[in-house]
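What follows is a set of notes on a single structure, which appears directly below.
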Amino acid sequence: MSDNETTHINEEETTHINEEEIRLQKRETLIKAGKSPYKYAFNKTHHCQDIHDTYGTITHDDTIEETVNIAGRLMAKRGHGKAMFGNIQDGSNSIQFYINVNGIDADVFETVALFDIGDIISITGTPFRTKRGELSLRIKQSDLLTKALLPLPEKYHGLQDKELRYRMRYLDLIANPDVRKTFKKRSAIVSSIRHFLEKDDFMEVETPVLNNTYGGASARPFTTHHNELKQDLFLRISLELPLKRLIVGGFEKVFEIGRVFRNEGVSYKHNPEYTLLELYQAYADYEDMMSLTETLLSELVKKQTGTYILNYQGQDLNFEPPFQRYTFEKALKDFADVDMNNYEALFKKATELKLDPSEGISKGTLIMDIYDACVESKLIQPTFMMDHPWETSPLAKKHRDNDTLVERFELIISGMEIANAFSELNDPVDQEARFKDQEKARKSGDDEAHVMDTDYINALKYGMAPTGGLGIGIDRIVMLLTDSHSIRDVLFFPHMKDKP
RNA sequence: GAUUCGGUAGCUCAGCUGGUAGAGCACCUGACUUUUAAUCAGGUGGUCGUGGGUUCGAACCCCACCCGAAUCACCA
C-alpha cells in the first residue's frame with residue numbers, strides 16, 4: 001500500500017456502486033496487500049474513560065509523556081488536508097483523536113485516512129488538550145482491527161426508527177449511547193438485588209425451564225415437543241412450585257432470577273418472555289415478605305438515585321418505607337364504592353362497569369374484575385394491595401382472621417403490578433381441594449386456571465415449613481429505575497414479529 | 001382484537017390541490033495543518049412497505065394486506 005493506485009478509489013469505478021461495495025473493495029485491497037482487516041487481538045492499556053479520568057485536568061500547555069493504547073469504533077472523522085480529527089468510542093466512553101503529517105510516518109497518516117466510519121481501530125498516542133479545550137489523543141500509531149462494511153446511522157440524530165432499534169439492537173447500541181446506559185443500569189440493578197439477597201443468606205438456585213407440567217401462575221403456556229421422549233413439554237410460566245419443593249427439601253432461603261414464558265398479548269408492559277425474581281423463606285409469612293420488599297426496593301432506589309424519590313414518566317414516586325397499604329375490602333369501598341362482602345352488590349357493580357359478569361361467577365373473580373377496572377391503574381405511589389379473595393389465589397394460605405381471604409399482597413407502582421407474595425399454602429389437603437377447584441374453573445372455560453400438580457401435593461404431604469414467598473418482575477423494576485415507558489426499552493431483544 | 005398515526009436514498013426527514021423524486025448527514029472527487037453536527041466546490045445514490053383499483057397521469061385518491069408505534073381491550 002505504498003502508492004495511491006492501490007489505495008485511492010477510482011471515481012469512475014465507484015460512481016454507480018453503493019457504500020458497502022466501496023468498503024468491500026477496501027477490504028479486498030487490504031487482503032491483497034497482506035494486511036488483514038480482521039486482526040486477532042489488541043493489547044489495550046486504557047479505556048477512553050480511563051483517559052478522561054487520568055488526564056481530565058490537563059491544559060493546552062501541558063505535555064504528557066505517557067503513551068496509551070486504546071481501541072474502539074471510529075464514530076466520526078474530520079479531515080483538514082494534512083491534519084485530521086476523529087472520535088473513537090469504546091465500551092466506556094469516547095474520545096477525540098488528532099493526527100497531522102508532522103513527525104509521523106506517511107504510512108500512519110495514510111492508514112488513518114483510509115479508515116471508514118464504523119471501523120474498529122486501535123490508536124497508540126499521547127493525551128493532550130486542543131486549543132478549543134477538548135481532551136484528545138495525538139496519534140503515533142494506528143491500525144485497523146475490524147473493517148465495517150455497512151455505514152452507521154446518521155451521526156447527529158442516531159437511529160430513531162423504533163422498529164429498526166428493536167430489530168437491530170446492536171446498531172441501536174452503537175448509535176445511541178443512552179441505550180447502553182439503560183442496559184448497564186439493568187445489569188447493576190440485577191447485581192444489586194442478587195447481592196442484597198445473598199447478604200441476607202438467600203441461596204441462588206436454578207430450576208428447569210422445560211417441564212412436564214406448568215403452574216405457579218394463571219397464564220397460558222408455550223408448548224413444545226421432545227422428539228426422543230415423544231412427549232409435549234411446557235415452558236415455565238413461573239418459578240414457584242420447584243422453589244417450594246426446595247423448601248420442602250430443607251433449604252430455608254432460596255431465590256431464582258429466571259426467564260418465564262407466557263403465551264399472551266404483547267404490550268408496553270408485557271413481553272412473551274420476561275425475567276422474574278422469586279424467593280422463598282421458611283418460617284416467614286406475608287408480613288415478613290412485605291418488610292423484605294420495602295427494604296429491597298427502597299434501598300435499590302436510594303442506591304440508584306441517592307434519595308427515596310424516583311421520578312418516573314414525570315411523576316415523583318416515594319419509596320420511603322413504609323409503603324401505603326390497602327386491603328381489597330377498603331380499596332373496593334374507596335375506589336368503587338362497593339361492599340366486597342355483598343355478592344349481589346358486586347355483581348351489580350360489575351354489570352354497571354360493563355364487565356359482563358357471567359352467571360355463577362365467583363365472588364373472588366368479581367372482586368378481582370372490579371379491582372382491575374377501578375383500582376389498579378389509579379395506584380401510582382408504591383402501594384401494597386393485600387388480603388385478596390381466596391378463589392383467585394390457589395397457592396396462598398387462608399387469612400388467619402378471615403377464611404374468605406388469603407394472606408397475599410401485590411405491590412402496585414405507577415399502575416403496574418411489580419410484586420406478588422403470599423403466606424404460602426402448605427396444607428396438602430387444602431391445596432388439593434384448591435387445585436380441584438381450579439380444574440372446575442378450567443372445565444368451565446377458564447384456560448388460565450391452575451392445573452393439578454400431584455407431585456407438588458405429594459411434596460406438601462411430607463411437610464413444608466411455614467413459608468413466605470415473593471415474586472418481583474425484574475423488567476418492570478428496571479423500567480421504573482430507568483424511566484422507560486415500554487418494557488421493550490429494557491429488553492435487549494424484545495419480541496418482534498417476523499418480517500415477511 | 002379495536003382505534004389513531006406512521007413506513008419515501010444507508011440514516012434523519014420534507015414532498016402543497018394528482019402533473020419529471022427532494023434536503024441534510026453518510027459516501028465519491030477536489031481544496032484545507034487545532035476541528036468537534038468542521039467548512040467550501042462538484043458529484044453518486046430511489047421497486048416511495050406489498051398487491052390491486054381509479055385516472056391521460058398516483059409517493060399523493062380508493063380497497064386489501066404486511067410491519068411498527070401510541071391508546072384501549074386482553075393479561076391476577
Side-chain angles (χ1 to χ4, degrees), chain A residues 8-23 25 60 75-87 94-104 109 116-118 128-134 136 138 149-168 171 175 217-220 237-238 262-272 274 328 354-355 364-365 367-369 371-373 375-377 385 388-389 391-396 406 408 410 412 416-417 420 446-450 471 485-486 488 494 496-500:
Chain A
H8 279 148
I9 304 296
N10 182 312
E11 185 177 7
E12 279 173 25
E13 284 171 8
T14 59
T15 41
H16 296 295
I17 62 178
N18 66 30
E19 196 161 346
E20 182 174 1
E21 287 170 293
I22 293 167
R23 291 180 180 218
Q25 281 185 9
H60 181 56
M75 297 303 288
K77 223 172 108 180
R78 297 177 288 280
H80 290 263
K82 297 196 169 71
M84 211 183 313
F85 289 91
N87 296 82
S94 62
I95 194 161
Q96 176 171 267
F97 63 79
Y98 173 72
I99 184 170
N100 74 34
V101 293
N102 291 352
I104 197 166
F109 192 85
D116 288 308
I117 290 172
F128 76 107
R129 193 171 290 280
T130 64
K131 267 192 226 164
R132 296 290 178 93
E134 178 148 347
S136 306
R138 191 185 310 276
L149 296 180
L150 291 172
L152 292 182
E154 214 243 11
K155 63 183 169 186
Y156 187 60
H157 298 92
L159 185 66
Q160 296 293 325
D161 186 294
K162 287 219 172 194
E163 185 169 356
L164 292 181
R165 291 181 50 206
Y166 296 146
R167 287 187 195 277
M168 299 196 288
L171 197 54
S218 310
R220 289 189 291 266
I237 58 172
S238 89
R262 298 190 179 181
N263 206 336
E264 280 155 8
V266 177
S267 81
Y268 73 96
K269 52 180 173 176
H270 296 91
N271 193 65
Y274 68 99
F328 270 75
K354 299 188 169 51
L355 299 176
T365 308
I367 291 169
M368 292 312 292
D369 286 353
Y371 163 77
D372 284 340
V375 186
E376 191 173 80
S377 64
M385 280 302 313
H388 296 54
E391 295 96 327
T392 54
S393 310
L395 298 162
V406 289
R408 172 181 176 186
E410 289 171 281
I412 312 299
M416 281 193 294
E417 180 191 337
N420 183 21
D446 180 0
D447 58 357
E448 291 182 349
H450 207 289
H485 167 261
S486 170
R488 287 179 282 263
M496 300 291 273
K497 260 192 170 179
D498 244 355
K499 276 279 205 186

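- The separation of B:rU12 from B:rG53, taken at their C1' atoms, amounts to 33 Å, rounded to a whole angstrom.
- Both A:Glu376 and A:Gly158 sit near RNA chain B, but only A:Gly158 has its closest nucleotide nearer the 5' end.
- Nearest to the side chain of A:Asp116, among B:rC28, B:rG10, B:rA70, sits B:rC28.
- Checked by atom type, the side-chain pair A:Gln96/A:Arg78 shows a donor-acceptor distance below 3.5 Å.
- Counting any heavy atom pair closer than 4.0 Å across all strands shown, A:Arg23 reaches no nucleic acid atom.
- The A:Met368 side chain lies nearest to B:rA76 when the options are B:rA76, B:rU35, B:rU33.
- B:rA37 sits 48 Å from B:rC65 when the P atoms are compared, rounded to a whole Å.
- As rounded to whole Å, 13 Å separates atom C1' of B:rA37 from atom CD of A:Glu134.
- Contacts of A:Asp369 with the nucleic acid, taken as non-hydrogen atoms under 4.0 Å apart, are absent.
- With a cut-off of 3.5 Å on both Watson-Crick or G-U wobble distances, the partner of B:rU54 is given as none.
- The partner of B:rA59 is absent, by the rule that a Watson-Crick or G-U pair needs both atom distances under 3.5 Å.
- Checked against B:rC11, B:rA76, B:rA26, the side chain of A:Ser218 finds its nearest nucleotide in B:rA76.
- Under 3.5 Å, the side chain of A:Gln160 and the base of B:rU12 form no donor-acceptor pair of N or O atoms.
- Two rings, from A:Phe328 and A:Tyr371, have their centers less than 6.0 Å apart.
- Distance, A:Arg167 CZ to B:rG49 P: 16 Å, rounded to whole Å.
- For a distance-only test at 3.5 Å, the side chain of A:Arg78 fails to qualify as a donor-acceptor partner of the base of B:rA37.
- Nucleotides B:rC61 and B:rG15 are separated by 12 Å at their P atoms, to the nearest Å.
- Nucleic acid contact class of A:Ala217 (heavy atoms, under 4.0 Å, all strands): base.
- Salt-bridge formation is not detected for the pair A:Arg220/A:Glu264: no Lys NZ or Arg NE/NH1/NH2 atom is positioned less than 4.0 Å from an Asp or Glu carboxylate oxygen.
- B:rC48 makes up no base pair with any nucleotide shown, lacking Watson-Crick or G-U wobble contacts both under 3.5 Å.
- Straight-line distance from the CD atom of A:Glu264 to the C1' atom of B:rG1: 15 Å, rounded to whole Å.
- Closest contact between the side chain of A:His485 and the listed nucleotides B:rU35, B:rC27, B:rU71 involves B:rU71.
- No engagement by A:Leu152 is indicated, since no non-hydrogen atom pair under 4.0 Å with the nucleic acid exists.
- Considering only side-chain atoms of A:Ile22, the nucleotide from B:rC28, B:rG68, B:rU33 that sits closest is B:rC28.
- Between B:rA9 and B:rA21, the distance separating the two C1' atoms is 10 Å to the nearest Å.
- One can find a donor-acceptor pair under 3.5 Å joining the base of B:rU35 and the side-chain atoms of A:Gln96.
- The side chain of A:His80 has B:rA38 as its nearest neighbour among B:rC67, B:rA38, B:rU36.
- One atom, CD of A:Gln25, and another, P of B:rC28, lie 11 Å apart when rounded to the nearest Å.
- Between the side chain of A:Ser393 and the backbone N or O of A:Ala396, no donor-acceptor pair lies under 3.5 Å.
- Across all strands, A:Arg138 comes closer than 4.0 Å to base atoms (heavy-atom distances).
- Contacts of A:Tyr166 with the nucleic acid, taken as non-hydrogen atoms under 4.0 Å apart, involve only primed sugar atoms and P, OP1 or OP2.
- Backbone-only engagement by A:Asp372 is indicated by non-hydrogen atom pairs under 4.0 Å involving sugar-phosphate atoms exclusively.
- In this entry B:rC16 has no Watson-Crick or G-U wobble partner, no candidate having both defining distances under 3.5 Å.
- Checking B:rG6 for Watson-Crick or G-U wobble geometry (two distances, each under 3.5 Å) identifies B:rC67 as its partner.
- Taking side-chain N and O atoms only, A:Arg132 has a distance below 4.0 Å to OP1 or OP2 of B:rU36.
- Atoms OH (A:Tyr98) and C1' (B:rC32) sit 12 Å apart, rounded to a whole Å.
- The distance from atom CZ of A:Phe97 to atom P of B:rU34 is 16 Å, rounded to the nearest whole Å.
- Backbone-only engagement by A:Glu417 is indicated by non-hydrogen atom pairs under 4.0 Å involving sugar-phosphate atoms exclusively.
- Under a 3.5 Å cut-off, the side chain of A:Glu376 and the backbone N or O of A:Ala373 do not form any donor-acceptor pair.
- Nearest to the side-chain atoms of A:Tyr156 among the listed nucleotides B:rA37, B:rU36, B:rC67 stands B:rA37.
- Closest to the A:Asp161 side chain, of the nucleotides B:rU12, B:rA76, B:rU34, is B:rU12.
- As rounded to the nearest Å, B:rG10 and B:rC16 have C1' atoms that lie 28 Å from one another.
- Without hydrogens or angle criteria, A:Arg262 side chain to A:Ile237 main chain gives a donor-acceptor distance under 3.5 Å.
- Atom CZ in A:Phe109 sits roughly 11 Å away from atom C1' in B:rC32 (whole-Å rounding).
- Using a distance-only test at 3.5 Å, with no hydrogens or angles considered, a donor-acceptor pair links the side chain of A:His60 to the main chain of A:Arg129.
- The phosphate of B:rG68 has neither OP1 nor OP2 within less than 4.0 Å of any side-chain N or O from A:Lys497.
- Evaluation of the side chain to side chain donor-acceptor pair (under 3.5 Å) rule for A:Asn271 yields no partner, not counting sequence neighbours.
- With a cut-off of 3.5 Å on both pairing distances, the Watson-Crick or G-U wobble partner of B:rA31 is B:rU39.
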